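As structure tokens, the structure follows; a few thoughts come after it.
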Amino acid sequence: MKRLLRRPALDIPRLGLPAFRLRILVRSVFVLLALATVALSVVVLKDEKERAWQAYQHGFVRSQAEVMARLRHPSGQLALLNASHLGQGVTPLAPLLLPYAAIDFDDPQKSQQAVEMAGCSVQYPDGASVCAAIGNNPYAGGFIYLVGSFYAGELTPRERGALVPAEAHRARISLDMRGATYRWIAPYEAMPPQGSAAVRGRLTGFVDTGAPQLDARARPVRDFRGWLWQNGQCRDLPPKPTNQASTGTSAGALTGEAAATDCLRRTHYSIRLPVELFREALFRKDERLVWPPEDLGQMRVRVEMLAPGENARPQFDSNAPGAQLAASLGDLSRSLLPGERVQIRKMGSDEASALTLKGVEVQAEPSAPWLLRLIRWLPLEAAGVGPAATPPEAPTGLDILDTPTGNYVVNFTGHLRGVEQGLAAVATRLSWYLGAMLGAIALAWLVVEVGLIRRVTALTRRAAAVSYNVQPGHTGPRLGDLDVSDLRGSDELGILAGGLADLLQRVKDDLQREQLRAQQERDMWHAVGHEIMSPLQSLMALNGPQDPGHRYVQRMQQAIHVLYGTASPAEALQAADVPEGRLDLDAFLRNVANNAHFAGILDVVYAPGSNNSSPVIVRADEFALEDVVTHILRNADRYRPAGSPITLTLTASESTASATLHNQGSTIAEDLLERIFELGVSDPSSPTPLGEGEHRGQGLFVAKTYMAKMGGTINARNTEGGVAFVLTFQRLG
């Protein structure tokens with residue numbers, strides 16, 4: 001109703017500049033004050049940018065020196081030499097190219113020191129580690145080195161000549177390369193202690209055939225070398241519960257278990273694997289030797305350290321989850337300042353093969369994009385930069401790195417992004433003070449603007465609109481939307497606005513009452529016309545085209561159509577009263593089936609249930625229910641195939657009774673089953689009998705409304721080959 005009564009805004013005349021002179025003057029003063037505050041902040045920010053740029057230049061030089069120092073270190077060279085495949089995954093292991101020609105694997109201290117300096121070890125959550133690598137000199141033999149450590153209890157050695165490796169601690173190693181898999185089993189053989197090592201021994205390598213024991217003629221692999229060292233210090237472990245009652249073990253058993261598992265010692269191993277394919281490439285004359293092998297990143301190595309026992313779980317497995325990556329060039333990014341970039345390219349190679357490192361982004365304080373753009377726009381006048389209206393170029397640097405496999409060109413490129421982020425953080429803090437000052441200026445302007453100038457301007461405009469719209473000959477909306485109640489107050493301007501608002505409100509109330517009366521008249525005519533339409537349809541059927549009264553009935557229909565099309569029937573139907581009554585539903589349905597042909601609906605059949613010999617009394621009004629059934633029958637007659645019956649059935653329980661009206665024909669779309677009872681919803685593809693005109697989607701809406709007023713319900717469902725409408729009523733005693 002509010003939408004119907006909404007009136008268009010009043011036409012407002014154009015006012016001249018003198019009418020707003022005071023407003024322009026006050027606003028100009030506040031704008032100049034705000035601009036001066038912002039200009040002062042920009043000057044301070046420009047000075048901060050000068051100092052930050054000078055500090056960045058010194059930091060860029062230090063960063064360049066630190067990166068080159070790390071690249072010259074063995075760990076940096078390892079990361080550089082293996083940059084192509086180092087970040088592909090941790091496990092299974094892929095051999096790395098060492099910055100050394102070989103590893104002195106016979107000495108535990110030297111082998112451990114070599115892998116620690118190179119940073120090739122892969123670390124595991126339980127404290128174990130392993131480094132799988134090859135030397136950078138192919139003429140050192142072409143071996144794969146495995147150096148690492150794990151925690152184990154007392155080592156069980158293999159007796160010389162024993163053929164069952166599972167009786168001792170042993171290493172099981174597999175190598176997948178170039179479509180083939182090589183496996184070795186290396187049992188531990190104890191040797192007399194030497195130096196500070198508590199336990200030491202040899203790992204004798206045999207070809208692993210998968211059999212539980214070695215062949216009597218098996219010989220150790222000629223170039224397989226392995227060592228095992230174990231120190232005498234136990235690893236600290238968290239205390240275990242000793243509640244014997246809960247575990248059900250004896251004290252002696254607990255003591256034995258503690259002796260076997262609690263004293264875990266760090267055990268170091270150093271293994272050299274012979275790779276025949278590497279050695280064959282050294283002596284091949286028809287091909288140029290390529291070192292390191294191009295498929296080094298596709299090779300896979302697995303190392304397992306097994307305790308005695310055929311089915312013992314590995315004490316160490318290089319494929320165990322949780323492994324951490326070895327050193328990579330990505331670690332160098334932490335040494336770079338935000339925005340800096342390092343490009344590493346081997347001499348003689350093209351730009352496409354170059355490696356690029358970028359500085360780690362610092363999580364700076366959030367800054368607005370416009371603030372960063374402002375910082376970039378500010379010019380620099382620092383030494384070495386010179387005054388410029390455009391942003392200065394980023395600093396650059398060039399250096400040469402010498403490695404065992406050749407020389408690399410290292411290009412450093414700085415960026416002002418780090419400076420800008422730092423300045424943005426400072427500017428963000430400064431913006432709070434600037435915002436406070438501008439807020440104070442805005443508050444002062446708001447008080448003057450809202451408290452005085454805006455009210456004067458609003459009253460001026462509205463008074464001019466009133467004068468303009470009441471001029472003779474003007475066809476505008478007059479006073480429909482004029483409202484000055486927001487200007488009320490206890491001051492002079494408020495009293496004047498309040499008096500005008502009260503006067504105009506009375507005019508608006510009179511106008512709204514007139515509109516409501518006109519709307520109610522239209523709704524009343526529409527409701528009356530809609531209710532007359534149903535009996536007129538029956539009269540049309542009773543008075544055929546040859547009947548003298550047929551023409552007058554048509555005239556009555558035409559007149560009702562004129563009234564019917566002027567408004568929606570929803571409100572009239574909702575307001576209609578349906579008297580409560582008692583109705584024999586069985587007799588009613590029989591009567592409908594017997595007399596439906598008088599309304600032009602043929603082949604209506606009533607099929608009473610076997611248990612409906614007695615009257616079925618329900619709460620319903622006969623005339624309202626007749627309208628409901630008539631609308632449903634007309635829909636069924638419209639959709640059924642010609643000559644097919646419309647079946648009426650009755651079912652009853654102790655509390656309810658249901659009448660089902662079923663017709664054959666097309667079913668209702670699933671998305672329309674619940675919406676067909678809404679006003680205006682109609683199937684656009686439904687057939688329209690001649691003379692009925694356009695479907696308005698009102699019949700089922702009327703049926704649902706009347707059923708609700710009688711305390712019943714109506715539902716539609718699709719059946720096999722047709723549609724059924726179910727009317728449910730409250731049964732009376």
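The shown structure was predicted, so the numbers you read here are calculated from the model rather than taken from an experiment.
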Rounded distance (nearest 0.5 Å) linking atom CD1 of I271 with atom CD1 of I103: 12.0 Å
Note, T156 side chain near E167 side chain (heavy atom, < 4.5 Å): no
Backbone N/O of Y188 and side chain of R170: donor-acceptor pair under 3.5 Å: no
Gap between atom SG of C120 and atom CG of L96 - 0.5 Å precision: 6.5 Å
Gap separating the CZ atom of R272 from the CG atom of D104, nearest 0.5 angstrom: 11.0 Å
Steps toward side chain to side chain contact (heavy atoms under 4.5 Å, CB included) verdict (L277, Y182): CA-CA 11 Å; L277 295 180; Y182 306 90; 3.9 Å; yes
Check: Y151/R266 side-chain N/O donor and acceptor closer than 3.5 Å: yes
Flag, side chain of H268 to backbone of S149, donor-acceptor distance under 3.5 Å: no
Evaluation steps, side chain to side chain contact (heavy atoms under 4.5 Å, CB included), between I400 and V409: CA-CA 5 Å; I400 303 298; V409 179; 4.0 Å; yes
Nearest heavy-atom neighbours spanning L273 and F224: CD2-CE1, 3.3 Å
Worked check of side chain to side chain contact (heavy atoms under 4.5 Å, CB included) between V275 and I134: CA-CA 11 Å; V275 182; I134 64 173; over 6 Å; no
Heavy-atom donor-acceptor pair, Y269 side chain to G226 backbone, under 3.5 Å: no
Neighbour count >12 (heavy atoms, 6.0 Å) for atom CZ, R265: yes
Heavy-atom donor-acceptor pair, R200 side chain to M191 backbone, under 3.5 Å: no
Distance, nearest 0.5 Å, that separates CH2 of W184 from CZ of R172: 14.0 Å
T267 vs V199 side-chain heavy atoms within contact, under 4.5 Å: no
Side chains of H169 and P308 in contact at under 4.5 Å (non-hydrogen atoms): yes
Flag if over 12 foreign heavy atoms under 6.0 Å of CZ, R222: no
Non-hydrogen side-chain atoms of W227 and P108 separated by less than 4.5 Å: no
Reported CG-to-CZ distance for the pair L163 and R158, which is rounded to 0.5 angstrom: 7.5 Å
Heavy-atom pair with the smallest gap, counting every atom of S129 and S121: CB-CB, 4.4 Å
Over all atoms of both residues, closest heavy-atom pair of A307 and Q315: CB-CD, 3.9 Å
Nearest-0.5 Å distance, CD1 of residue I185 to OG1 of residue T204: 11.5 Å
Side chain to side chain contact (heavy atoms under 4.5 Å, CB included) between V342 and I344, intermediate numbers included: CA-CA 7 Å; V342 177; I344 305 174; 4.0 Å; yes
Non-hydrogen atoms of V164 and P212 that approach each other most closely: CG1-O, 4.0 Å
Sidechain-backbone polar pair: Q230 side chain, G153 backbone, donor-acceptor under 3.5 Å: yes
For the student: nearest non-hydrogen atoms of P95 and L296, plus distance: O-CG, 3.4 Å
R302 side chain near D317 side chain, heavy-atom distance below 4.5 Å: yes
Heavy-atom closest pair, residues S270 and W229: CB-CZ3, 3.7 Å
